[in-house]
Peer 1: 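Sharing a structure below in structure tokens format, with a few things to ask.
The shown structure was predicted, so the numbers you read here are calculated from the model rather than taken from an experiment. Below, each value reflects all heavy atoms present in this structure, side chains not excepted, and no hydrogens, waters or symmetry copies. Below, chain A is the first sequence line, B the second, and so on; all start at residue 1.
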Number of protein chains: 2
Amino acid sequence: MKTELDSERDFSQQIAQTIRDAIVSGDLPVDGRLPSEADLATRFNVSRPTVREALKRLAAQNLIRTQRGATGGAFVNRLSFAQAQEHMVTTATLLLSMNAVDFETACEARFALERACLPLACTRRTPAHLAGLRAEIARQGTDGLSDEDFCASDVAFHRALVEAAGNPVLSWHMAGAVEAMQPLMNMITFTARSRAQIIARHTDLATALANSDLVAACAALDDLASYTLELGGEIRTQRHARRTSTGQ
Amino acid sequence: MKTELDSERDFSQQIAQTIRDAIVSGDLPVDGRLPSEADLATRFNVSRPTVREALKRLAAQNLIRTQRGATGGAFVNRLSFAQAQEHMVTTATLLLSMNAVDFETACEARFALERACLPLACTRRTPAHLAGLRAEIARQGTDGLSDEDFCASDVAFHRALVEAAGNPVLSWHMAGAVEAMQPLMNMITFTARSRAQIIARHTDLATALANSDLVAACAALDDLASYTLELGGEIRTQRHARRTSTGQ
DNA sequence: CAAATATTAATTGTCTGACATATGCCGAGA
DNA sequence: TCTCGGCATATGTCAGACAATTAATATTTG
């Protein structure tokens, strides 16, 4: 591990980079313990606070965890799918909000990706998957369900759909795409009529999957995509109308 | 912004979370300046090193940048697609290596996602996109090209393919999937024969896109997927044979 | 008056040393 | 043998200081 630092750049950044490289290259094995902060400070010839800043950078990326006490220290994390997923969702959410990605673009990407899961889901779905889908559909038909809960169930439905494809890498990608859309979806007011429409498409999807009918599944998803776009378009129109009326 | 801290958990983590929330919620606008470290220390009633650890956590996620000097400070970064992409690639790479995702699973996910781009790419591809595809194909036929360069060109080809879909969100997702596969692909030795096979499929793909022929494009991509799997399978067999022969 | 130069103030980057706190380990005593 | 209390080690936090950088301001000079 290189311990010479370029005094032009931030020490903590260089130290973090060095350790990160050691982790990525497998030089530091998963669950392996890093030297103590005092050790690292000596090795890199910097102070402990500087080392700590470097370690916090790595902790922010879930690359290490720290533990206090006698046998404590910093340990290399196994990057779990769950953690990576969480991270991806926040990144994707920020990306959508900060770059003013419009609803149509986000929606298009999301449904395009989801369509990619259908062929696999049609062949691999288990009874458990189908039961999960139907459970969410039932939930979506509940009386008095808030818009937010309806959205949450919608996300759960699509997540279950993706899970049915039985590919963790695919699930990871999709979770980011679907969940990042949720804030945008939450802005939509779901009337009783639109809920019924969505539930109908969900039902079609579940049925198609149960029958392993790829063509029907694609049709149902396309239907859902265009209907979602339509709902989103109404929202945009309403907001535009409101903005115009207030002169902003 | 909440300034009360739970003394049970790390201060720097809570402070980072608080500021992150402020950024995500739009409370702190892009390019907005955060209070100085001394200010934050006073507000949260902690010391400056603790505040700095929090800021470094945010810097590690590209959420802020810092600048020294009189008018310096920490500023909210606009999360660009390029940055997010880079981040996603490293995360995806780590995910694949640390969780021993097998070649088949990664490959399946990658091609499934790529297939999702084809319908859009067929309708939206511009002459510039097609030229880019053909340029990479030409490069892949170059004599004396190293395996690594061949792989790089392969990545560039597929990236161009995804770009042709004209959806930045989709491109972002795909870049993570395709580039994270590169280390795995780099382990494959591409014989002259396998290169020719791949180039033939790339050519088919480019032609299908030029003709806006979705069916042909899908067929070419499926061909490429199964051939890639086949190559990967050979590698695994070879490695298994080697492992067996060395008794490991 | 204008331009070059020195001063100053604000801010991040780093260091030093210290104390608080958590936790496994080991030995002393019941 | 089992329990309990110190001890060593490690991270978490603090306080104060100095260095380095940078923009704005004051000052000097042509």
Peer 1: What nucleotide among D:dC14, C:dT11, D:dG12 has an atom nearest to a side-chain atom of B:Ser36?
Peer 2: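 Nearest to the side-chain atoms of B:Ser36, counting from C-beta on, is C:dT11.
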Peer 1: Go through the side-chain N and O atoms of A:Thr90 and A:Thr93 and say whether any donor and acceptor fall under 3.5 Å apart.
Peer 2: no
Peer 1: A:Arg52 side chain N/O closer than 4.0 Å to the phosphate oxygens (OP1, OP2) of D:dT11?
Peer 2: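 For D:dT11, OP1/OP2 do not have a side-chain N/O of A:Arg52 under 4.0 Å.
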Peer 1: Roughly how far, to the nearest 0.5 Å, is OG of B:Ser153 from CD of B:Glu148?
Peer 2: 13.0 Å
Peer 1: Heavy-atom count check: over 12 atoms from other residues, nucleotides or ligands less than 6.0 Å from B:Gln83 CD?
Peer 2: yes
Peer 1: Could you tell me the separation between the CZ atom of A:Phe75 and the P atom of D:dA10, rounded to a whole number of Å?
Peer 2: 10 Å
Peer 1: Under a 3.5 Å cutoff, is there a donor and acceptor pairing between the side chains of A:Asp39 and A:Thr42?
Peer 2: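 No, because no side-chain N or O of A:Asp39 sits under 3.5 Å from a partner of the opposite role on A:Thr42.
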Peer 1: How many whole angstroms separate atom CG of A:Leu5 from atom P of C:dG13?
Peer 2: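 Answer to the nearest Å: 15 Å.
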Peer 1: Could you tell me how far apart B:Lys56 (NZ) and D:dG12 (C1') are, to the nearest whole angstrom?
Peer 2: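 These atoms are roughly 19 Å apart.
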Peer 1: Suppose we screen for ring pair (Phe, Tyr, Trp, His ring centres under 6.0 Å). Which residues come up paired with A:His129, at least two apart in sequence or across chains?
Peer 2: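 A:His129 satisfies ring pair (Phe, Tyr, Trp, His ring centres under 6.0 Å) with no residue once adjacent residues are dropped.
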Peer 1: Below the 4.0 Å mark, does D:dA10 have OP1 or OP2 next to a side-chain nitrogen or oxygen of A:Thr66?
Peer 2: no
Peer 1: Got more than 12 heavy atoms from elsewhere within 6.0 Å of CD, A:Glu86?
Peer 2: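 Not buried by this count: 12 neighbours or fewer within 6.0 Å.
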Peer 1: Quick one: label B:Asn45 by what it contacts on the DNA or RNA (base, sugar-phosphate, nothing), any heavy atom closer than 4.0 Å.
Peer 2: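 Sugar-phosphate, no base atom in range.
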Peer 1: Nearest 0.5 Å please: distance from the NZ atom of A:Lys56 over to the OG1 atom of B:Thr50.
Peer 2: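 If I round to the nearest 0.5 Å, the distance is 10.0 Å.
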Peer 1: Would you mind telling me which residue lines up with the more 5' stretch of DNA chain C, A:Pro49 or B:Ala38, judged by nearest nucleotide?
Peer 2: B:Ala38
Peer 1: Take the protein atom CZ of B:Phe44 and the nucleotide atom P of D:dG12, then report the distance between them rounded to whole Å.
Peer 2: 19 Å
Peer 1: Suppose we screen for ring pair (Phe, Tyr, Trp, His ring centres under 6.0 Å). Which residues come up paired with B:Phe111, at least two apart in sequence or across chains?
Peer 2: none
Peer 1: Measure from the side-chain heavy atoms of B:Glu37 and tell me the nearest of D:dC14, C:dT12, C:dC15.
Peer 2: C:dT12
Peer 1: Could I get the full list of salt bridge (charged side-chain N to carboxylate O under 4.0 Å, His left out) partners for B:Asp21, not counting sequence neighbours?
Peer 2: none
Peer 1: For the pair made of CZ in B:Arg65 and C1' in C:dT12, what is the distance, rounded to whole Å?
Peer 2: 15 Å
Peer 1: Kindly give the atom pairs (protein nitrogen or oxygen, nucleotide nitrogen or oxygen) under 3.5 Å for nucleotides 2-5 of chain D.
Peer 2:
none

Peer 1: Measure from CD1 on A:Ile15 to C1' on C:dT14 and round the result to the nearest Å.
Peer 2: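 My rounded result for the distance is 11 Å.
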Peer 1: Under the rule for salt bridge (charged side-chain N to carboxylate O under 4.0 Å, His left out), what residues qualify as partners of B:Glu163, not counting sequence neighbours?
Peer 2: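 B:Glu163 satisfies salt bridge (charged side-chain N to carboxylate O under 4.0 Å, His left out) with no residue once adjacent residues are dropped.
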Peer 1: For each nucleotide in nucleotides 18-24 of chain D, reading 5' to 3', give B when a protein heavy atom comes within less than 4.0 Å of its base, S when such contact involves only the sugar-phosphate, and - otherwise.
Peer 2: --BBBB-
Peer 1: Would you mind classifying the nucleic acid contact of B:Arg33 as base, sugar-phosphate or nothing, using non-hydrogen atoms under 4.0 angstrom?
Peer 2: sugar-phosphate
Peer 1: For B:Ile64 and C:dT12, what is the distance between atoms CD1 and P respectively, to the nearest whole Å?
Peer 2: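 About 10 Å, once rounded to whole Å.
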Peer 1: For B:Leu40 and C:dA10, what is the distance between atoms CG and P respectively, to the nearest whole Å?
Peer 2: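 Whole-Å distance recorded here is 17 Å.
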